[in-house]
Amino acid sequence: MRSDYSKFLIKIMYNPQKTEKKWHKIWKAKKVYESKDFSTKPKKYVLVEFPYPSGAGLHTGHLRSYVASDVVSRYSRAKGFEVMYPFGWDAFGLPAENYALKMGVQPQVSTAKNIRNFKKQVNALGISFDWSREVNTTDPKYYKWTQWLFLQFYKAGLAYEAESMINWCPKDKTGLANEEVIDGKCDRCGTPVEKKMLRQWYLKITEYAQQLIDGLKDLDWPEPVKVQQANWIGRSEGAEIEFKITSEVGEGKATVFTTRPDTLYGATYLVLAPEHVLLEKLKPAIQNWTEVQKYIKKASNKTDLQRSALEKEKSGAELKGVYAINPATKKKVSVWIADYVLNTYGTGAIMAVPAHDQRDKQFAEKYELPIKQVIRDEIMINSGELNDLSTLQAKKKIIAKYGKLKIQYKLRDWVFSRQRYWGEPIPLIHCDKCGIVPVPEDQLPVILPKVKKYEPTGTGESPLAAIDSWVNVKCPKCSGAAKRETNTMPQWAGSSWYFLRYTDPKNTKRFADPENLKYWMPIDVYFGGMEHTTLHLLYSRFWNLFLYDQGLVPVKEPYTSRQPHGIILGPDGEKMSKSRGNVASPDQLVKQYGADTTRMFQMFLGPHEQTVSWNEEGIVGVHRFLQKTWAWVSENAALVKKGKTQDSSKAETLINKLIKKVTEDIEGVKFNTAISSFMEFINEVAAEKISKQSLQKFVIILAPFAPHLSEELWSLLGGKASVTLEAWPEYDQSKTVSATVQFVVQVNGKFRGNIEAPKSASQKDLEASAKALEAVTKAIGMASGEIKKIIFVPGRLINFVA
RNA sequence: GCCUGGGUGGUGGAAUUGGUAUACACGAGGGACUUAAAAUCCCUUGCUCGUAAGGGCUUGCGGGUUCGAUUCCCGCCCCAGGCACCA
C-alpha cells in the first residue's frame, strides 16, 4: 500500500528558495565549514581546482567537480575528519586580460567583479567551502610568494634565459609553452601557432622528467591519467651513435639518436634536421648549397601544423659532396636534410634504416636510396658479427661497440615568460655591469603597475616595457642604472603552488609555515578536469618536487588521489562552447528548482568520470524525489512527536541497506547510484512504520547531497544546531538483507521461475519444490527428459541440467 | 598510425567474484482528481509473433570456453579523448 502524498504536499510544499537562503546565513554565522590547523582529529585535505573567474560565471563543468568534492567533504566531516576544503581564484592570465580588453576596463576591475559574481553563484549552491582560506593569485600578498618561489628556481639554476624558436600565438601576441599548443593551435583562442625567435625565460622541467614519471607509480590516480602524463613526458631508451662525416674539404662528425641500434647495419643514409647546427660548418663542403639553402628556408616557413600534416609526402635535399661513414659497415652513405627530422628531439639527426622504419622507407623510395633488410623473424641478418643474434642481443652489442646508452624524453623545457600585461612580473633586474640580478626578498612583491594602456604589443616585448618609470631601476648590487625584466609569468604560475598556500593563507613571513604544511599535506583527494593532465597537473607536480628537494615542502607528491570528471557535452552532444551557444548555467535551475535539486540532478546524470550530455529534461525526477522526501519525513516527524515509534522489520532492513549502499558509493565516487538508492528507498519505505532514529540516520546521509533540505528536516526532527555536525551513522550488516530471498530456478541455465526461501536454504530444501514448478517440468521434458546434473549456488540459484 | 576509454530500451543510465539483463529516472500511452490547466496519485511501457494463453529474440558484429556470459578468451566494426614524422 502506498501513502497518498498528494493532499499532504499541497499543505506543506517545500520551498527551496526560502529555506536555502536561511541556511546559508546560519552556516556562515556559525562558521561550520571552517577548518582548524593542528586539530586532534585526523586531517583530510579535499581540493577542487580553483577557477579562472570568467565573466560568464559558473557553468555546468564547474558544477560537476564542485558538487562532487562538496559531497566528499561533507561526508568526510561526518566521518570524523578535520576537513580542509578551500577555494580561491586563479585570476591572472590571458582569458582574464582578453575579457578586460573586450569590456574596455582594467583587468583589476573586471576580475574583482567576476569574483563577486562567481562567489555568489558558488554560495547559492551550498558548496561547503572554507572561505577563511580564500586565495587570489592576483593579490600582491599572494603573488609576492609566487615571485619568491620563482627566485628559488632561479637561484637553483632551474630558471634560465635563452633565445630560441618558440611557439607564438599571433592573435594573443605572446609566446606559449609546448603544453599550451593543442593540435598546432593556441590552447586559448584556437589560432594556428607560429614559430618565432624570441628571448624567453624557461623553467628546466626536463631536469625532473624521470622523477615525474617515477612519482606516478605510487599515486592513487586513474590509470588513464597516469598513462597520459607519462606519454607526454615520453621516455624512450636508445643509443647515441657517432658517424664520421667526410668530404673533399675536411672531416667532421654527427651524432644520431636511435631506439633501434640493432639495425645499424641497415643504416643506408643519414638525415639532419634543416635547423641542425652542423650545417653551417658543412657549408663549404656542400656542392649544392643554393639548393640546400632553399630547402632550409622553405622548411622554416612552415608552421608545425603544416610540417606534420597527416600523410604529407616526405621531402628533403641531399648534401652533395658530403658523406657519412656507417661505423659498422665502414661504408660511405649519403647525407640529407629533411623536415621529417626534428631539431628539437634527440640530436636532431637520425640514421635512416628504410627497411625497418616506415618514414625512412617513404623517403628512400622517393629519392631511390638503398634499402637493406637486416632483420628476419626477429633474428639479425646481413649484419656481420651480429648475424643470427636476437634483436635484443644485437642492441646490447652495438651500444657496447659503437655508441652509448641514452634516455630521451619528449618533454621540453617550460617556456615561462609571456609578453602580456596581466601576470606576475618576473622579479629580475638586468644590469649592464652585474648581469641578471634577482630582486631582493625584502623588496618583494614587484607590484604589477596600474596602467591605462595594456594591449599586447605584438613585437615580442611586453607592454610593461613601455612604462619607463617602472622599468628603470637601480641595480640592487651596484646601484647603477638597470632595467626590470618586463615579461610576466604564464597563468600556470599561481596555480602551481596554491594548494600549499591554503595551509597557511595569511602568512606574511613565508609562503606557508612548515608546520602547517606538515599537518595538511599531501592533498588526500583532488577533483578537477581531464584537460589539466598535461598542464596544471604536470606543472604543479614539478614545482612541488623541486620545493621538496629544496627542503621547503614535506612531501614529494602533492596529490595522493585524483578524481577527474567527465566532460559535459551540450544537449546536442557537442562539446560546450560559447560559439556553439550550448553552454548551460546553473543559475536558472537554482532559481526554478533550488540548489539541492540542481546539485543532485547534476550527480544523477551519470558516473562522475564519464562524459555526459547535459539534458535538463530529467531534472523533474530529482525534484519529485526531494518533494516526496520532504513529505515523507515531515509526515513521520509528526507521528514521532505524538509517541514512540518502532521500525517495521522491512523499514529496518531498508535503512541499513541504504546506509551501506550510500557509504560505499560515496567512497567509490559513485554518486549516481547512491541517488538511485535514495529513490528506491523512498519508494519502498512509504508505507512502513519508521522510528525517529532511522529518520535521523536517513537525514544525515542525505545531507551531503541535499544539504539545505536535510538541515530543514533535521530541525523538524528536533535536531539542534546543524546536521553537518552529526556523525555518519553505522549500519548493521546482518540487517542489510531480509531473511528470505528469491532463489532463481533454471533449466540448462535458462530462467524458469522463482522460489522464495530462507537465504540459508540448502539444495535439498529447494530441489523438490523447484522441480515441481510447471515451467521446470515442461522445460526438462522439452530437453532430454532426465536431470543429468544439478547446480546449486547457495543463496542464489538452482539449475537443472537436462 | 600509436596510446587510453567506451558501445546495454525511445533517452540518461543500473547490474557483487560469471548466476533473474534493462534497477533508478526521464519520456510516451492509459486512468483518477479538477469547470479547466498545472501539480499530484495509480496502471502499462526492451523488441517481436499471437485475439489470447503462450512462444521466440535481445547487452556493437562473428566465433569460443561454461550447466549458465553484459561480465572471461580470440578475431573484427564503430564512437569519444589524448598523442602524433619523437627516430
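So that the names make sense, note that chain A is the first sequence line, chain B the second, and so on, each numbered from 1. Small disclaimer: the values here were computed from a predicted structure and weren't measured.
Across B/rG9 and B/rG5, the matching P atoms stand 23 Å from one another, rounded to whole Å. B/rC43 sits 47 Å from B/rG75 when the C1' atoms are compared, rounded to a whole Å.
The glycosidic torsion of B/rG9 lies within 90° of 0, placing the base in the syn range.
B/rG62 is paired with B/rC74 under the Watson-Crick or G-U wobble criterion, all donor-acceptor distances under 3.5 Å. Pair check for B/rA28 finds B/rU44; Watson-Crick or G-U wobble, both atom distances under 3.5 Å. Partner assigned to B/rU16 is none, using Watson-Crick or G-U wobble distances below 3.5 angstrom.
With sequence neighbours excluded, the residues satisfying salt bridge (Lys or Arg N to Asp or Glu O under 4.0 Å) with A/R541 are A/E557. Applying the ring-ring contact (aromatic ring centres under 6.0 Å, His included) criterion to A/H608, with sequence neighbours excluded, gives A/F527. Shown here are the salt bridge (Lys or Arg N to Asp or Glu O under 4.0 Å) partners of A/E179, two or more places apart in sequence or in another chain: there are none. In terms of the ring-ring contact (aromatic ring centres under 6.0 Å, His included) criterion, A/F604 has no residue partners (sequence neighbours excluded). Listed by chain and residue number, A/W632, A/F698 satisfy the ring-ring contact (aromatic ring centres under 6.0 Å, His included) test with A/F681 (two or more places apart in sequence, or in another chain). For A/Y295, there are no ring-ring contact (aromatic ring centres under 6.0 Å, His included) partners at least two apart in sequence or on another chain. Applying the salt bridge (Lys or Arg N to Asp or Glu O under 4.0 Å) criterion to A/K735, with sequence neighbours excluded, gives A/E652, A/D732.
Comparing B/rG19, B/rA84, B/rC24 against the side chain of A/W232 picks out B/rA84 as the nearest. The side chain of A/N799 lies closest to B/rC67 when the candidates are B/rC67, B/rA87, B/rA14. You'll find that the side chain of A/N754 is closest to B/rU20, out of B/rA84, B/rU20, B/rC3. Comparing atom distances between the A/S236 side chain and each of B/rC3, B/rA87, B/rC83 picks out B/rA87 as nearest. The listed nucleotides are B/rA14, B/rU16, B/rA87; the one nearest the side chain of A/T258 is B/rA87. Nearest nucleotide to the A/T673 side chain, out of B/rG19, B/rA23, B/rA14: B/rA14. The side chain of A/S676 has B/rC24 as its nearest neighbour among B/rA14, B/rA87, B/rC24. Comparing B/rG19, B/rG13, B/rA87 by their closest approach to the side chain of A/I791 singles out B/rG19.
At a non-hydrogen distance threshold of 4.0 Å, nothing from residues 658-665 of chain A comes into contact with RNA chain B.
Counting only residues at least two apart or on different chains, the salt bridge (Lys or Arg N to Asp or Glu O under 4.0 Å) pairs with a member in residues 769-787 of chain A are A/E767-A/K771. Within the structure, salt bridge (Lys or Arg N to Asp or Glu O under 4.0 Å) contacts touching residues 258-271 of chain A (residues at least two apart or in different chains) are A/R260-A/D262.
Annotation: side chain of A/I790 is not in contact with side chain of A/V801 (no heavy-atom distance under 4.5 Å).
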Which protein N or O atoms sit under 3.5 Å from an N or O of nucleotides 25-32 of chain B?
unit_1 : atom_1 : unit_2 : atom_2 : d
B/rA25 : OP1    : A/N683 : ND2    : 3.0
B/rC26 : OP1    : A/R624 : NH1    : 2.5

Check: protein-nucleotides 54-58 of chain B nitrogen or oxygen pairs below 3.5 Å:
unit_1 : atom_1 : unit_2 : atom_2 : d
B/rC57 : OP2    : A/K750 : NZ     : 3.4

